[in-house]
Amino acid sequence: MEINVTLLSQMVAFVFYVFFCIKFICPYINEIIEKRKSDICLGYSKVEKLKIKLKNIKEEIELKLKNTEKLVLNIISESKKKGDLLIQNSKIKADYEYKKIILDAKIKIDNEKKIMYENFNKDISKIINLILIKISNNVFTKKLDDKFISKIINKF
C-alpha cells in the first residue's frame, strides 16, 4: 500500500476532525451527560424521599383508620346502649299505660256494676212492692191460693 497525498490529507483531516470533536463537541456532550446524570441522581434521591414520605403518610392513615374504627365501635356501642335504654323506657311507659287503662276499665266496670245493682235493686223493689200489693189485696179478699202465688211469681 502506498502512502500518497490523498491518504495523508485524509489522515490530517481525520486528526483535525477528532481534535475538533474532542475540543468543542465532547465537552458539550459531556456537559449534557453530566447534567442528565445529576438529574437522574436527584430524581433517585427525590424518589427515595417520596418513598419515605409515602411510608409516613401510610402509617398516619393506618393510625387514623384504627382510631376511626375505635371511634365507630364506641359510637355503635353507645347507640346500642341508648337504644336499649329507649326500649326499656318505652316498655315502662307502655306498662304504665297498660295498668292505667286496666285501672280505668275496672273503675268503669265497678261504676257500671253499681249503677246496675242500683237499677236492679230499684226494679226488685218495684216487683216486690207489686207482689206485696197483690198479696195484700188478695189477703183482704181472701183469694190466696197456690195458683195465684205461682201466677204472681211467673208474672214478675
Could you tell me which non-hydrogen atom of Pro27 sits nearest to which non-hydrogen atom of Cys21, and how far apart they are?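 Minimum heavy-atom separation between Pro27 and Cys21: CD-O, 4.4 Å.
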Under the 4.5 Å side-chain heavy-atom rule for ILVMFWY, direct or indirect, which residues accompany [X]?
{"X": "Ile33", "result": "Phe20, Phe24, Ile25, Ile29"}
{"X": "Val15", "result": "none"}
{"X": "Tyr28", "result": "Ile32"}
{"X": "Tyr44", "result": "Ile40"}

Could you go through residues 101-119 and list every donor-acceptor pair under 3.5 Å that involves a side-chain atom there, pairing it with any protein atom two or more places apart or in another chain?
{"from": "Asn111", "atom 1": "ND2", "to": "Ile107", "atom 2": "O", "distance (Å)": "3.4"}
{"from": "Asn119", "atom 1": "ND2", "to": "Ile115", "atom 2": "O", "distance (Å)": "3.4"}

How many angstroms lie between [atom1] in [X] and [atom2] in [Y], if you round to the nearest 0.5 Å?
{"X": "Ser90", "Y": "Lys93", "atom1": "OG", "atom2": "NZ", "result": "6.5 Å"}
{"X": "Ile75", "Y": "Lys82", "atom1": "CD1", "atom2": "NZ", "result": "10.0 Å"}
{"X": "Asn89", "Y": "Lys91", "atom1": "CG", "atom2": "NZ", "result": "11.5 Å"}
{"X": "Lys37", "Y": "Asn30", "atom1": "NZ", "atom2": "CG", "result": "10.5 Å"}

Do any side-chain atoms of residues 46-73 form donor-acceptor pairs under 3.5 angstrom with protein atoms, and if so which ones, sequence neighbours left out?
{"from": "Asn56", "atom 1": "ND2", "to": "Ile52", "atom 2": "O", "distance (Å)": "3.4"}
{"from": "Asn67", "atom 1": "ND2", "to": "Leu63", "atom 2": "O", "distance (Å)": "3.4"}
{"from": "Thr68", "atom 1": "OG1", "to": "Lys64", "atom 2": "O", "distance (Å)": "2.6"}

Between Ile22 and Phe14, is there a shared hydrophobic cluster once you connect ILVMFWY residues whose side-chain heavy atoms come closer than 4.5 Å?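 They do share one cluster, since a chain of ILVMFWY contacts under 4.5 Å joins Ile22 to Phe14.
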Looking at Lys35 and Asp39, is there a salt bridge between them, counting it only when a charged N and a carboxylate O are closer than 4.0 Å?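 Lys35 and Asp39: not salt-bridged.
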